[in-house]
A.B. asks: 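Just dropping this structure here.
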Amino acid sequence: MAERFNPLEADAHWQKVWEERGTFHASDGSGRPFSYVLEMFPYPSGRIHMGHVRNYTMGDVLARTRRMKGFEVLHPMGWDAFGMPAENAAMEKKVHPGDWTWSNIDTMRAQLKRLGFALDWSRELATCDPSYYGHEQALFLDLFEAGLVYRKASEVNWDPVDMTVLANEQVIDGRGWRSGALVERRKLSQWFLKITDFAEELLDGLAALDQWPDKVRLMQENWIGRSRGLRFRFDLESPILGFAGFEVFTTRPDTIFGASFAALSPDHPIALALAEHDPALAAFIAECKQGGTNAAELETAEKKGFDTGLKVRHPLDAGATLPLYVANFVLMDYGTGAIMGVPGHDQRDLDFARKYGLTATRVVAPSPEEAAEPIGDEAYTGPGRLVNSDFLDGLTAEEAIRAVIARAEAESWGQGTIVWRLRDWGVSRQRYWGTPIPIVHCEACGAVPVPRDRLPVVLPEDVSFEMPGNPLDRHPTWTDVDCPGCGGPGRRETDTLDTFVDSSWYFIRFASQPKDRPFDRAEAERWLPVDQYIGGVEHAILHLLYARFWTRALRRIGRLDIEEPFKGLFTQGMVTHETYCGPDGGWLSPDEVERRGGRLVTVESGEPVETGRTEKMSKSKRNTVDPEPIVDQYGADAVRWFMLSDSPPDRDLEWSEAGIQGSWRFVQRVWRLASEEAERGPSSWLGAESGSGGDAGLTRKLHRTIAAVGANIESLAFNKAVANLYELATAIEKAPPSPARSEAVEAMVRLVAPMAPHLAEQAWSALGKEGLVADAAWPEADPALLVEDEVTIAVQVNGKLRDTLNAPKGASREDLEALALASDNVVRILAGKPPKKVIVVPDRLVNLVA
RNA sequence: GCCCCCGUGGCGGAAUUGGUAGACGCGCUCGACUCAAAAUCGAGUUCCGCAAGGAGUGCCGGUUCGACUCCGGCCGGGGGCACCA
């Protein structure tokens, strides 16, 4: 009787073998085709969680499968190691952020190794290591010298709790993405990367990313936000304070004859200038700045305006003038910070007009009958033809847009333009634990790059976190340096880079890591782009957009000829778990709860527990399950198998004890098949069967499984590949010993190897196979065996299934029709009447229309 | 408010181009082995019905010989954006 599979021994043994042999080291010179498989690298927060296990298992299955299929696979791992949790730990636990981070990395590295991932650890990197961020500083200077970096005093999102600036992307509903504190607006000098220079190519490039989820492409498209329209000039009736007029932007130039006012943003230069001479306006502007920026307040925020008393000239209606307001709903950082108000066809403008008694003229009508219909409580934004609009009357809205733009350009008071929603990327962070920006400020020379030979600019070790704010700001021995330009007194930039910069190029460094420069161009270009990138959908916009930008920026400055960093992208779902609410109303963790007599109770007191929603595992809901003890109990393979089973990989996976036990059973089942086969040996079937394989049915099943598993893994449908393997296992178990059965067991071990690699190695070795299954070739499906020679034909009457029958594959329509008509059920239902019509789909079905 | 996605057994989910709905797993039921349990193995498991048969992929309608699949309209759930002119 075969022994059970012992994962603890097998895991440790095979992990050691792989490591000693360097099995998963990627080599540049093998001559095999390259494949780069990458999962988003983790932030070293302390311990690996189930989400990591799921993410890295998926990548691992793909990497291992591709290796077996003959690819040279690059599958690296590293650490996104800068960031605020390290500083928070420093403040709370009085440890240095570096010590905290490196010790977390050690823990998590060991946990990842325990799962047996086929990673090339020789390329491991951590972004907090000067040997990484020094090269990042060099790349930053490259971009700086190419004019893609600039500094400007700008109003920023200031997080008063974390005492730092946040990117627009890091402000969620008006609150800091990390602290949750209400964000304030402050003016600071900030470093920016010119991502807007790339808006068009980043948008257009999405079309070619056909191996990305549509959802992510759409999200990026909306984020970049291209709007076509007309930018045109309103002249003031009489110039004031040196201003003769201003520009506005509209996507609806067709409605220009419906304009009944113009409005400036409270931050508009004209508004600010006027306010200096008008205390009432100044007060209004101050009031506008007060309002909260969170979603709920904006939703209900009243449209408010201040009438400047000034008038602007309508560019197409000689003699007509419009009142000029300052309005709270006009944004300074979109378009030109000024608008034309068309109440008839824009809801905000209509709300505003109703409040201030401005006219709302209809200039677009869905039908001629509705041309005279007045505008009610709702602005009309649908399609139609122009009315009340002079030379535009009768044109469709589309035609009118073109006509107005053409006229504006001909008369040079405006021009057709594209406006983007995307803003430049503010990368300054007033934090210690990040990449220092390699700039020295000098009274005489301004902002001077640190010379390349003095990189990296290393973070000082001796810092204190006793006070809030940036410790670098109060570290004179670090900040006070000579200006690299003139030698005079200088001061280091104390801002550090947004950690999204660190993750914008790590995939390049993985592919090529020379000591003296960020990467070797030729080597990096051999591996890139990443063939398959896998990670959470929460990075659908920020990280992925920044990495795309960074790659294109490197291309523009001639450093790397890669357009897109990630050819294939997959966003995996979360790992969820039930939540438990205890008798005192607090959340309970899964190990504080047990089932007694069909009821959930607390382990401690036996009091009843309520089951809450199934949600993403999180510390706050206390519904996390630590992978480590599970791996110790069931072994790496059962955990990996469970991560792949049942749920489609892009959907959420609910962790359950029953699920992991099911996986454990399958691991044992495969082991039983393999070890029994090994014990029996080839002699067992000799003479039992004659003929080549001895079991044609099983051989067919095997080859269909080989094809299906391969295809399903390639398309990342792991749950389907798992189902294929269950079916194969059942088929093998039911088959009597034969050469075909032996062959099927051996092939199944190889098919299982990417998912349950330790089990597969153990089985491979037990079967007496040479070498490692990790190095074995992926089984090949024989195309001849994929086609059935007999098929099941469905027999329908009026589209309802009435019978099934077997027929040879490729049977003629006439034969199938005759077979169907001979069916007892059909004879009974037709009751002697011939069918009116017969539809035959060869090899599939016969439908008789009675 | 705008944009997008998804609704299939008790549960997770399968189902080329429209062609036998419910593969596979979990759970459950019955049985075998066992003094017993665990483990394992076998049979069954969409619903109604003893059965014959009927119904069935969120709801209503349409196209079709035939619809989970295509079209229109609702209802429900989830995600993204946030006064973007």
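Residue numbers start from 1 in every chain, and the chains themselves are labelled A, B, ... in the order their sequence lines are given, proteins ahead of strands. Just so you know, these numbers come straight off a predicted model, no measurement behind them.
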A.B. asks: Need one value for A:V330: base, sugar-phosphate or nothing, where a base atom within 4.0 Å counts as base even if backbone is also close, heavy atoms only.
C.D. replies: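 Base: the residue A:V330, judged by heavy atoms under 4.0 Å, touches a nucleobase.
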A.B. asks: What integer distance in Å separates A:F246:CZ from B:A85:P?
C.D. replies: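 In whole Å, B:A85 P lies 18 Å from A:F246 CZ.
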A.B. asks: Is it the case that more than 12 heavy atoms not belonging to A:E790 sit under 6.0 Å from its CD atom?
C.D. replies: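 Enclosed: over 12 neighbouring heavy atoms sit under 6.0 Å from CD of A:E790.
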A.B. asks: Which of these nucleotides, B:A85, B:G80, B:A82, is closest to any side-chain atom of A:W223?
C.D. replies: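 Per side-chain heavy atoms of A:W223, the pick is B:A82.
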A.B. asks: Quick check: A:F261 with A:F352 (ring centres under 6.0 Å apart)?
C.D. replies: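 Under 6.0 Å, so yes.
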A.B. asks: Over how many whole Å does the gap from A:K837 atom NZ to B:U64 atom P extend?
C.D. replies: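 Roughly 10 Å, once rounded to whole Å.
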A.B. asks: With sequence neighbours excluded, what pairs up with A:F5 under the ring pair (Phe, Tyr, Trp, His ring centres under 6.0 Å) test?
C.D. replies: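 If we apply the ring pair (Phe, Tyr, Trp, His ring centres under 6.0 Å) test to A:F5, skipping adjacent residues, the hits are A:W671.
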A.B. asks: Throw together a table of side-chain donor-acceptor distances under 3.5 angstrom for residues 821-828 of chain A, partners on residues two or more places apart or in other chains.
C.D. replies:
unit_1 : atom_1 : unit_2 : atom_2 : d
A:S823 : OG     : A:D803 : OD2    : 2.7
A:S823 : OG     : A:N825 : N      : 3.3
A:S823 : OG     : A:V826 : N      : 3.3
A:N825 : ND2    : A:R802 : O      : 2.7

A.B. asks: Round to the nearest Å and state the distance from A:Q668 atom CD to B:A38 atom P.
C.D. replies: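 Going from A:Q668 (CD) to B:A38 (P), I get 18 Å.
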A.B. asks: Determine, for A:Y380 and A:R362, whether the Lys NZ or Arg CZ falls below 6.0 Å from the six-membered ring centre while staying within 45 degrees of the axis.
C.D. replies: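 Yes, a cation-pi geometry.
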A.B. asks: Ring centroids only, cut at 6.0 angstrom: are A:H314 and A:F257 within range, meaning strictly under it?
C.D. replies: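 Here the rings of A:F257 and A:H314 have centres that are less than 6.0 Å from each other.
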A.B. asks: Could you tell me the separation between the NZ atom of A:K303 and the P atom of B:C83, rounded to a whole number of Å?
C.D. replies: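 The answer, rounded to whole Å, is 10 Å.
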A.B. asks: Considering only B:G54, B:A85, B:C65, which nucleotide approaches the side chain of A:R802 most closely?
C.D. replies: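 Within the option list, the nearest is B:G54.
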A.B. asks: Does B:C83 have its OP1 or OP2 closer than 4.0 Å to a side-chain nitrogen or oxygen of A:K304?
C.D. replies: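 Looking at the OP1 and OP2 atoms of B:C83, neither is under 4.0 Å from any side-chain N or O of A:K304.
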A.B. asks: I'd like the C1' distance from B:U46 over to B:G10, given in whole Å.
C.D. replies: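 Going atom to atom, C1' in each nucleotide, I get 10 Å.
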A.B. asks: If you count heavy atoms of other groups shown closer than 6.0 angstrom to CZ of A:R354, is the number above 12?
C.D. replies: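 Check passes, neighbour count above 12.
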A.B. asks: How long is the line joining CG of A:N222 and P of B:G79, in whole Å?
C.D. replies: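 Whole-Å distance recorded here is 17 Å.
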A.B. asks: RNA chain B: A:M340 or A:K800, which has the more 5' nearest nucleotide?
C.D. replies: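 Checking each residue's closest nucleotide, the 5'-ward one belongs to A:K800.
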A.B. asks: Quantified in whole Å, what is the C1' atom distance between nucleotide B:C24 and nucleotide B:G19?
C.D. replies: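 23 Å, rounded to whole Å.
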A.B. asks: Write down the distance separating the P atoms in B:A85 and B:G79, rounded off to the nearest Å.
C.D. replies: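 About 25 Å, rounded to a whole number of Å.
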A.B. asks: Would you measure the distance from the P atom in B:U40 across to the matching atom in B:C26 and give it in whole Å?
C.D. replies: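 It comes out at 10 Å once rounded to the nearest Å.
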A.B. asks: Nearest whole angstrom, please: distance from the P of B:A38 to the CZ of A:R4.
C.D. replies: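 In whole Å, B:A38 P lies 14 Å from A:R4 CZ.
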A.B. asks: C1' atom, B:C70 versus B:U57: distance in rounded Å?
C.D. replies: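 These two C1' atoms come out 16 Å apart once rounded.
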A.B. asks: A:R421 side chain: which of B:C84, B:A43, B:C83 is closest?
C.D. replies: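 Between B:C84, B:A43, B:C83, the one nearest the side chain of A:R421 would be B:C84.
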A.B. asks: Distance under 6.0 Å and angle within 45° of the ring axis: does A:R421 meet both against A:W223?
C.D. replies: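 A:R421 over A:W223 ring: yes.
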A.B. asks: Determine the minimum heavy-atom distance between A:R252 and A:T381, stating which atoms define it.
C.D. replies: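 Result for this residue pair: NH1-O, 4.2 Å.
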A.B. asks: If the P atom of B:G12 is compared with that of B:G7, how far apart are they to the nearest Å?
C.D. replies: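 After rounding to an integer number of Å, I get 12 Å for this pair.
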A.B. asks: Could you run down nucleotides 12-31 of chain B 5' to 3' and tag each one B, S or - for protein heavy-atom contact under 4.0 Å?
C.D. replies: BSSSBB-BB--BSSSS----
A.B. asks: What does A:R828 touch in the nucleic acid at a heavy-atom separation under 4.0 angstrom: a base, only the sugar-phosphate, or nothing?
C.D. replies: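 Sugar-phosphate contact only - A:R828 comes under 4.0 Å of backbone atoms but never of a base.
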A.B. asks: Using the P atom as the reference point in each nucleotide, state the distance between B:G22 and B:A14 in Å, no decimals.
C.D. replies: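 About 15 Å, rounded to a whole number of Å.
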A.B. asks: Is it the case that A:Q220 and A:R548 place a side-chain donor and acceptor less than 3.5 Å from each other?
C.D. replies: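 Checked: A:Q220/A:R548 side chains pair up, N/O donor to acceptor below 3.5 Å.
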A.B. asks: Using the salt bridge (Lys or Arg N to Asp or Glu O under 4.0 Å) rule, collect all pairs that involve residues 659-671 of chain A, keeping only residues at least two apart or in two chains.
C.D. replies: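 For residues 659-671 of chain A: A:R669-A:E733.
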A.B. asks: Under a 3.5 Å cutoff on both atom distances, Watson-Crick or G-U, what's the dot-bracket for RNA chain B ([ ] crossing, | other strand)?
C.D. replies: (((((((..(((......[....)))((((((.......))))))(((....)))..(((((..]....))))))))))))....
A.B. asks: What integer distance in Å separates A:Q220:CD from B:C3:C1'?
C.D. replies: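 In whole Å, B:C3 C1' and A:Q220 CD are 16 Å from each other.
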A.B. asks: Work out how far the P atom of B:G61 is from that of B:C68, and round it to whole angstrom.
C.D. replies: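 Going atom to atom, P in each nucleotide, I get 15 Å.
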A.B. asks: Quick check, are the ring centers of A:F642 and A:W655 under 6.0 angstrom apart?
C.D. replies: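 Yes, ring centres under 6.0 Å apart.
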A.B. asks: Find which nucleotide of RNA chain B each of A:V849 and A:M219 is nearest to by heavy atoms, and output the residue with the more 5' nucleotide.
C.D. replies: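 Mapping each residue to its closest nucleotide by heavy atoms, the 5'-most match is A:V849.
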A.B. asks: Over how many whole Å does the gap from A:D824 atom CG to B:G53 atom C1' extend?
C.D. replies: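 Between C1' of B:G53 and CG of A:D824: 17 Å.
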A.B. asks: Is B:G9 in the syn or the anti form, by the rule that syn lies within 90° of 0?
C.D. replies: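 Judged by the O4'-C1' to base torsion, B:G9 sits in syn, the angle falling within 90° of 0.
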A.B. asks: Can you see which heavy atom on A:V312 is nearest to which on A:A262, and at what distance?
C.D. replies: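 Residues A:V312 and A:A262, closest heavy atoms: CG2-CB, 4.0 Å.
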A.B. asks: Considering only heavy atoms, which members of residues 346-354 of chain A lie under 4.0 Å from some atom of RNA chain B?
C.D. replies: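 When residues 346-354 of chain A is checked for heavy atoms under 4.0 Å from RNA chain B, the hits, listed by number, are A:R348.
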A.B. asks: Let's test your reading of the model: under 3.5 Å, does the base of B:C84 pair with the side chain of A:R423 as donor and acceptor?
C.D. replies: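 Yes, a donor-acceptor pair under 3.5 Å.
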A.B. asks: Does A:R226 reach a base, just sugar-phosphate, or nothing at all? Heavy atoms under 4.0 Å.
C.D. replies: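 Result for A:R226 = nothing.
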A.B. asks: Would a line drawn from the ring center of A:F666 to the ring center of A:Y726 be shorter than 6.0 Å?
C.D. replies: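 Yes, ring centres under 6.0 Å apart.
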